[in-house]
Amino acid sequence: MKEKEILSLTAVQLGKKIKEREVTCREALEAVFAQIRRREPELNCYVTLEEEKAFKQAEEVQRGIDEGTLTGPLAGVPVAVKDNMCIEGMRTTCSSKILENFVPSYTAEAVERLRKAGAVIIGKTNMDEFAMGSTTETSAFGVTRNPWNPDHVPGGSSGGSCAAVAANECFYALGSDTGGSIRQPSSFCGVTGLKPTYGTVSRYGLIAYGSSLDQIGPVAKDVTDCAVILETLAGHDSKDSTSMEVQESTRFTSALVDDVKGMRIGIPRDYMGDGLDPEVKEAILKAAAVLKEKGAVVEEFDLGMVEYAIPAYYVIASAEASSNLSRFDGVKYGFRAKEYEGLHDMYKKSRSQGFGPEVKRRIMLGSFVLSSGYYDAYYLKALRAKALIKEAFDRAFGSYDVILGPASPVTAPKLGESLSDPLKMYLGDIYTISINLAGLPGLSVPCGTDSKGLPIGLQLIGDCFKERLIIRAGYAFERSRQQERRQSK
């Protein structure tokens, strides 16, 4: 097969071609690295590339496929990993100066599961520093650009992973989602991203931002890829006490059926009001109409509590971040200031010089809301709001199987636009963060482009451990779009 043909394949399609001996693992890897050499100087999707290791791994995987020991759908398929997941012997930086030269001695469970399935790891993707940001502009290693238009951001914090998939610099990638960090950049880059229910995928080896909110998930070219990847990642891990026991509900590929007849889909009125770009609104309503045509019951309803999601999220996430990031002090690993007087001065200078402005802002906010006299006023109140948000979703799922809405109120902004106004950047997470607060699964599927040619993402939200319902709805919608495109050719 020609290089261009290989790059146009989805992860599952490539895995099938490798198994059928139409493509070798080496050929797939060569195609990806050739594409990286072409696009990477402009896009900056990666922080670390491990070409030599990847080719060595590809040889081992090819042997396993030939011998029949590796039979899974992802065997031999090149993958990129967000740079906040530890891989033994591979630099892991969280896109921060403070971890610039950190090389872990162990591998994250999610990455280990992909390796056992025969995935070939290319390298680590760029991200917002410690996953704090919505544009991948807070990285200490430079901004990542959107492959659809390099003057625009790819979203964040998994912007490197989403841009790499969109630019064919890998066939799929791992991202992490604390408040929309998989779904929002997937929407901006025109790819498919799935944030699983909290506890579906082990967080062991994921460098924490907000421990009660973080979740690892797949970024890929279509819904089928996401379902297959999630099936590989999901399951209980004794090293992570928050991970779930394996249940029937982890057979995600069984939901890949083009049938939504009788499915009850709710559109929150709160999501379709002020602040939503008219072109995004039009694309979302068109997508809802497609599902209605296919037999789904689609209605609008009042979700409630939406206005409390952003303040509750930023209080809780910042509080957890200030606690989680206290370990980066220049003593055992990571960056240490060159000149200092005494231990306390070393702490201060190492952290001041090692962390970027957005991370410092959130650490300070978190330390403030946890401090004596403010804990009850802010942190406990945010936890109560979180419980009420979960109750609002519970009520909604009493009436609906799936909730439908936008992944972001706008399409990808231009580089530099969001960083000048952090509050505006925070407000851009309005449709994604409540899903993390409630621990629910969410899927972002491309549903069109705006007048500037930038992608728009449809978000499908499910009840806890009901990923199969959102995969089914997403797959049915995707099939309609594919049929539409075939007819228009």
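Because the structure is predicted, anything quoted here is derived from the model rather than measured.
- Distance alone, capped at 3.5 Å, is enough to place a donor-acceptor pair between the T10 side chain and the Q13 backbone.
- For residues 183-224, the set of pairs meeting the ring-ring contact (aromatic ring centres under 6.0 Å, His included) definition, not counting sequence neighbours, comprises Y106-Y204.
- Scanning for side-chain contact (heavy atoms from CB on, under 4.5 Å) contacts around P406 gives Y271, M272, L276, V280, I284, Y431, with sequence neighbours left out.
- E320 and S212 share a donor-acceptor pair across their side chains, judged by distance under 3.5 Å alone.
- The shortest heavy-atom contact between P409 and G275 is CB-O, 3.5 Å.
- Under a 3.5 Å cut-off, the side chain of T178 and the backbone N or O of L213 do not form any donor-acceptor pair.
- Looking at P441 and Q215, their side chains never come closer than 4.5 Å, going by heavy atoms from C-beta outward.
- Shortest non-hydrogen contact noted between L74 and A11 is CD2-CB, 4.3 Å.
- The line from NZ of K261 to CG of D258 is 8.5 Å long, rounded to the nearest 0.5 Å.
- Judged by distance alone, with hydrogens and angles left aside, the side-chain atoms of N84 form no donor-acceptor pair with the main-chain N or O of C94 at under 3.5 Å.
- To the nearest 0.5 angstrom, I363 atom CD1 is 4.5 Å from L325 atom CG.
- The aromatic rings of F130 and F328 lie tilted to each other, with the angle between the two planes from 30° to 60°.
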Let's go through I65 and I18 carefully: what are the C-alpha distance in whole Å and the side-chain angles of both, what is the deciding distance for side-chain contact (heavy atoms from CB on, under 4.5 Å) to 0.1 Å, and is it a yes or a no?
CA-CA 8 Å; I65 293 167; I18 290 170; 3.6 Å; yes
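- Using a distance-only test at 3.5 Å, with no hydrogens or angles considered, a donor-acceptor pair links the side chain of S158 to the main chain of S176.
- Residues Y400 and V297 fail the side-chain proximity criterion, which asks for heavy atoms closer than 4.5 Å.
- Closest approach of V402 and M263 over heavy atoms only: CG2-SD, 4.0 Å.
- Using a 4.5 Å heavy-atom cutoff, the side chains of C226 and L230 are not in contact.
- Nearest heavy atom pair, residue L194 against residue I471, reads CD2-CD1, 4.3 Å.
- I435 contributes atom CD1, which lies 8.0 Å from atom NZ of K195 (distance to the nearest 0.5 angstrom).
- Side chains of T253 and E231: a donor-acceptor N/O pair is present below 3.5 angstrom, by distance only.
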Begin from the C-alpha positions of S202 and S243 and carry the test side chain to side chain donor-acceptor pair (under 3.5 Å) through to its verdict.
CA-CA 5 Å; S202 169; S243 72; 5.5 Å; no
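- Taken to the nearest 0.5 Å, the OG1 atom of T192 stands 5.5 Å off from the CD atom of E478.
- Remark: R327 is not positioned above the aromatic ring of F102, lacking an NZ or CZ atom under 6.0 angstrom from the ring centre and at most 45 degrees off the axis.
- Looking only at atom types and distance, the side chain of K82 has a donor-acceptor partner in the side chain of S157 under 3.5 Å away.
- With D128 as the fixed residue, the side-chain contact (heavy atoms from CB on, under 4.5 Å) test singles out one of V143, T136, V359, T144: T136.
- Interatomic distance, CD of E391 versus CE of M305, reported as 8.5 Å (0.5 Å rounding).
- We find that E282 and K286 are joined by a salt bridge, their nearest charged nitrogen and carboxylate oxygen being less than 4.0 Å apart.
- The existence of a salt bridge linking K466 and D401 is excluded, since no basic side-chain nitrogen approaches an acidic carboxylate oxygen closer than 4.0 Å.
- Side-chain N or O atoms of R472 include none that pairs as donor or acceptor with a backbone N or O of V257 at under 3.5 Å.
- In terms of the side-chain contact (heavy atoms from CB on, under 4.5 Å) criterion, residue partners of A110 (sequence neighbours excluded) are, by chain and number, L174, V201, I216, L233.
- Counting heavy atoms from C-beta outward, R183 and D177 have side chains that approach closer than 4.5 Å.
- Looking at R115 and Q57, their side chains come closer than 4.5 Å, going by heavy atoms from C-beta outward.
- At least one donor-acceptor pair under 3.5 Å links the side chain of D270 to the backbone N or O of L303.
- Using modelled atom types and a 3.5 Å distance limit, the side chains of R91 and T48 yield a donor-acceptor pair.
- Of the possible donor and acceptor atoms, none in the side chain of N44 sits under 3.5 Å from a partner among the backbone N and O of N126.
- Residues D429 and Y314 have side chains in contact (heavy-atom distance under 4.5 Å, counting atoms from C-beta outward).
- You'll find the side chain of L440 reaches within 4.5 Å of the side chain of D463, heavy atoms only.
- To the nearest 0.5 angstrom, R145 atom CZ is 12.0 Å from E40 atom CD.
- For F397, the CZ atom counts as densely surrounded, since its 6.0 Å shell holds more than 12 non-hydrogen atoms of other residues, nucleotides or ligands.
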Take E358 and E129, measure what side-chain contact (heavy atoms from CB on, under 4.5 Å) needs, and give me the verdict at the end.
CA-CA 8 Å; E358 184 59 34; E129 185 182 1; over 6 Å; no
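- Side-chain N/O atoms of S444 and S187 include no donor and acceptor closer than 3.5 Å.
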Step-by-step side-chain contact (heavy atoms from CB on, under 4.5 Å) determination, F477 to K294
CA-CA 9 Å; F477 172 69; K294 289 196 147 201; over 6 Å; no
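- Judged by distance alone, the side chain of K19 and the main-chain N or O of G72 form a donor-acceptor pair under 3.5 Å.
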side-chain contact (heavy atoms from CB on, under 4.5 Å), that's the test. Do I121 and M90 meet it? Break it down for me.
CA-CA 11 Å; I121 296 156; M90 193 183 290; 4.1 Å; yes
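- Atom NZ of K239 sits in a crowded spot, with more than 12 heavy atoms from other residues, nucleotides or ligands closer than 6.0 Å.
- Nearest heavy atom pair, residue M85 against residue A108, reads CB-CB, 4.3 Å.
- Remark: side-chain polar atoms of D302 are not paired, donor with acceptor, to backbone N or O of G304 under 3.5 angstrom.
- Contact annotation: the side chain of D237 never approaches that of E112 to less than 4.5 Å [non-hydrogen atoms, C-beta and beyond].
- Summarising the geometry of Y378 relative to V315, their closest heavy-atom pair is O-CG1, 3.8 Å, with the distance given to 0.1 Å.
- Annotation for K16: atom NZ does not count as buried by contact number, only 12 or fewer foreign heavy atoms lying within 6.0 Å.
- A donor-acceptor pair under 3.5 Å is absent between the side-chain atoms of D83 and the main chain of K124, judged by distance alone.
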